[in-house]
There are 2 protein chains.
Amino acid sequence: MTGIDDVARAAGVSAATVSRALSGRGRISDATRVRVRAAAAELGYVVSSAASSLATGRTANIGVVVPLLDRWFFANVLDGIASRLAPRGYDITLYSMSDDPDQRAGVLDVSLRRGRVDGLIVLSLALSENEVDRLLSLGLPIVGLGATSGRLPVLRVDDSALARLATEHLLGLGHRRIAHIGFSLDGDPGFDIPSLRRHGFDAAMTDAGVATPLFAPADFTIDDGHRAAGALLDAADPPTAIFAASDEMAFGALFAARERGLDVPRDLSVIGVDGHEMSGFFGLTTIAQFPHAQGERAGEAVLRAIEEGTDAADQTLPFELVRRSSTAPPG
Amino acid sequence: MTGIDDVARAAGVSAATVSRALSGRGRISDATRVRVRAAAAELGYVVSSAASSLATGRTANIGVVVPLLDRWFFANVLDGIASRLAPRGYDITLYSMSDDPDQRAGVLDVSLRRGRVDGLIVLSLALSENEVDRLLSLGLPIVGLGATSGRLPVLRVDDSALARLATEHLLGLGHRRIAHIGFSLDGDPGFDIPSLRRHGFDAAMTDAGVATPLFAPADFTIDDGHRAAGALLDAADPPTAIFAASDEMAFGALFAARERGLDVPRDLSVIGVDGHEMSGFFGLTTIAQFPHAQGERAGEAVLRAIEEGTDAADQTLPFELVRRSSTAPPG
DNA sequence: CTGAAAGCGCTTACAG
DNA sequence: CTGAAAGCGCTTACAG
């Protein structure tokens, strides 16, 4: 690889001048800048990231901490993030956190401490207080996307209000036997997205005078939504409506209904959350939340925090009821 | 952040010894190693990636070059890659390449030349010969996943054979008016996946004595598959079967059929490619190709190439016809 | 505006 | 087995 000295030689200047010409920092004459840049382009010279990071402390790289790479929602958010960072010259390094404690420790205590990133975007993870401490101890600008800790700057939809909106849509249609499909954590910290959605659902049901709402846990995949919905539909007194905490689980519910010869919405109403690209094809009523735009905002927020040296401000993200053919009054 | 000197002081040794104790390279007594590691753990010390990279030339980071982050297929491959690299201590930096020439140049000539990665996995991109040259000039171990250039080591399914299998499945059921939905590139290099699939389709049709097979271009999304299938179905003499080059496009075709009141498979047979997580729910017959496992193999292949200093060997990946209810003899 | 030199935080021959 | 020192390739005060 050609180095800074090669360029310096070619342009007839010192390495210091090459550095200034290429970075745009420090005073330099126009003529020199042009000459140096031409030489660099000619030689295909690009500043070494390791050397530059070591000297400046900046990496031009953002870490994105994700729970699951293979969900539609996260892939979309990631794409949104990338669309904002790439044009600004930032790369993205992925850190995926599973449920395994050792794996999580590896990410929090080792990988993230290698100093590879200038800032962090943390996607909708349920973090323990202790894990939040360890994130904060990195001393890096952080933006949370989705409910996390209250101690991290966060961009989020009001998941409780979102769940209330979905639930009240079903209640307003006249449903009373409404089941919620979502996730329940052990030692539920109450701050994570699935919990907030469940709380919003419970609150709306309680307000409507329904004491013990139906609930079935599922892990946000189509398969598990399918399984959970199947169990609800096969029970003695099945629900007339299902509020699934994600569109993918709602798709699973639609398939479960179809397999049982149930007509949607006559025999069963289904509402999801996300605004998945396929929801329109399924005629699925959903609460759309625009993950790509969320990613864009998160990308902008970390860059701002890094460049201005300030903490990112909390932001409330929009959501919106999209009525389609999967919900109707109980038949 | 605590540095190597802090650990050296705490353990009562030199920085050189700390380095050896932590890396496991070079001779060191067991007692010292244990003492140094304890001190490092105590202080939460982790080697700085920039400093270490600069000194060794190794980054413990792999670049993954992707065309689209938001397709199910790529998200799955990425997850497979991550599952192999993370346990070996490698991070993943993402480089997404669009169709925009400037953006591509930015990735090939700038981002990838910053020296941030030890090796590269290039996912099913259609690269020009010139772009391949630029990739090779990086002097990095590279593994292609999916058809690329012939000049890069590549793991791939035989896309032509795969397309032939799909087409012959439909021919074997008695179909003759079969349409293919896929992608067609300008100045088609002939090596990219969509072209190979189309060629396989054309060849199988020709062998079966069908001279001018039907074709509709689409960009591998559900939406575009839906649009393309709609156009085919609305034509004067619609096909009795559709072979879509991805499951997502096949889903779009199923939706298009449903909207027109067509029964699948009685009025229309549909076959896809991928083995998408939803294909079972749709009863979609498909050629499964196991993207997660492909990602795992690609991850292992780059690591091997890096650690053994050899070029990765080409590998042929498996695929498999999965018969479901979306294909049957023409009604 | 430009250059010489120190320094960023590690690693690794080289001695001992 | 362990330490002192040079060096990895840049950047940036400090002089001029």
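Hydrogens, waters and symmetry mates play no part in the numbers below; they use all other heavy atoms, side chains included. Just so we're on the same page: letters track the sequence lines, and every chain starts at 1.
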Margin query: Taking any heavy-atom pair under 4.0 Å as a contact, classify R33(B): base, sugar-phosphate, or nothing.
Written below: nothing

Check: Can you check the R116(A) CZ to dC10(C) P distance for me, whole Å?
Finding: 14 Å

Notebook entry, point to check: To the nearest Å, how far apart are I4(A) CD1 and dC8(D) C1'?
Noted result: 14 Å

Check: What nucleic acid atoms does R20(B) come within less than 4.0 Å of, heavy atoms only: base, sugar-phosphate, or nothing?
Finding: base

Next item on the list: Calculate the interatomic distance between L54(A) atom CG and dA6(C) atom P; express it in whole Å.
Entry: 17 Å

Next item on the list: Return the nearest nucleotide to the side chain of R27(B); candidates are dC8(D), dT2(D), dC1(C).
Entry: dT2(D)

Next item on the list: Please check the phosphate of dC10(C) (OP1 and OP2 only) for any side-chain N or O of Y45(B) closer than 4.0 Å.
Entry: yes

Next item on the list: Using a heavy-atom cut-off of under 4.0 Å over every strand shown, decide if R58(B) touches base, sugar-phosphate, or nothing.
Entry: sugar-phosphate

Notebook entry, point to check: Is any side-chain nitrogen or oxygen of T17(B) closer than 4.0 Å to OP1 or OP2 of dG3(D)?
Noted result: yes

Check: When you measure from the side chain of A16(B), which nucleotide among dT12(D), dA5(D), dG9(C) comes out closest?
Finding: dA5(D)

Notebook entry, point to check: For the pair made of CZ in R25(B) and P in dC1(D), what is the distance, rounded to whole Å?
Noted result: 17 Å

Item checked: Whether over 12 other heavy atoms sit under 6.0 Å from N130(B) CG -> yes

Item checked: Interatomic distance, R71(B) atom CZ to N76(A) atom CG [nearest 0.5 angstrom] -> 8.5 Å

Margin query: Strictly by Watson-Crick or wobble contacts shorter than 3.5 Å, is anything paired with dG3(C), and which nucleotide is it?
Written below: dC14(D)

Check: Which part of the nucleic acid does V18(B) contact within heavy-atom distance under 4.0 Å: base, sugar-phosphate only, or nothing?
Finding: nothing

Next item on the list: With the side chain of S48(A) defined as its heavy atoms from C-beta on, choose the nearest nucleotide among dC10(C), dG9(D), dG3(D).
Entry: dG9(D)

Check: What is the distance, rounded to the nearest whole Å, between atom CD1 of I28(A) and atom P of dG3(C)?
Finding: 9 Å

Check: Any chance CD of E42(A) has more than 12 other-residue heavy atoms, nucleotides or ligands included, within less than 6.0 Å?
Finding: no

Notebook entry, point to check: Looking across every strand, which nucleic acid part, if any, lies under 4.0 Å from T32(B) by heavy atom: base, sugar-phosphate, or nothing?
Noted result: sugar-phosphate

Note to self: Looking at S52(A), I'd like to know whether one of its side-chain N or O atoms comes within less than 4.0 Å of OP1 or OP2 on dT11(D).
What the structure shows: yes

Item checked: Length of the CZ-C1' vector between R35(B) and dC1(D), whole Å -> 12 Å

Margin query: Taking dT12(D) as the reference, what is the distance to dG16(D) when you measure between their C1' atoms (whole Å, please)?
Written below: 16 Å

Notebook entry, point to check: Between R134(B), R151(B), M97(B), which is the residue that forms a side chain to side chain contact (heavy atoms under 4.5 Å, CB included) with L127(B)?
Noted result: M97(B)

Margin query: I want to verify a distance call: between dG3(C), dT11(D), dT12(C), whose nearest atom is closest to the S19(A) side chain?
Written below: dT11(D)

Checklist line | Member of V65(B), L138(B), L135(B) meeting the side chain to side chain contact (heavy atoms under 4.5 Å, CB included) criterion with L108(B) | finding: L135(B)

Margin query: Please confirm whether the shortest side-chain N or O distance from S29(B) to OP1 or OP2 of dT2(D) is below 4.0 Å.
Written below: yes

Note to self: Under a 3.5 Å distance rule, please check whether R88(A) uses its side chain to pair with a backbone N or O of L303(A) as donor and acceptor.
What the structure shows: no

Next item on the list: Please state how far atom CG in L43(A) lies from atom C1' in dG9(D), giving the value in whole angstrom units.
Entry: 16 Å

Checklist line | Nucleotide dG9(C), atom C1' - distance to CG of D6(B) in whole Å | finding: 11 Å

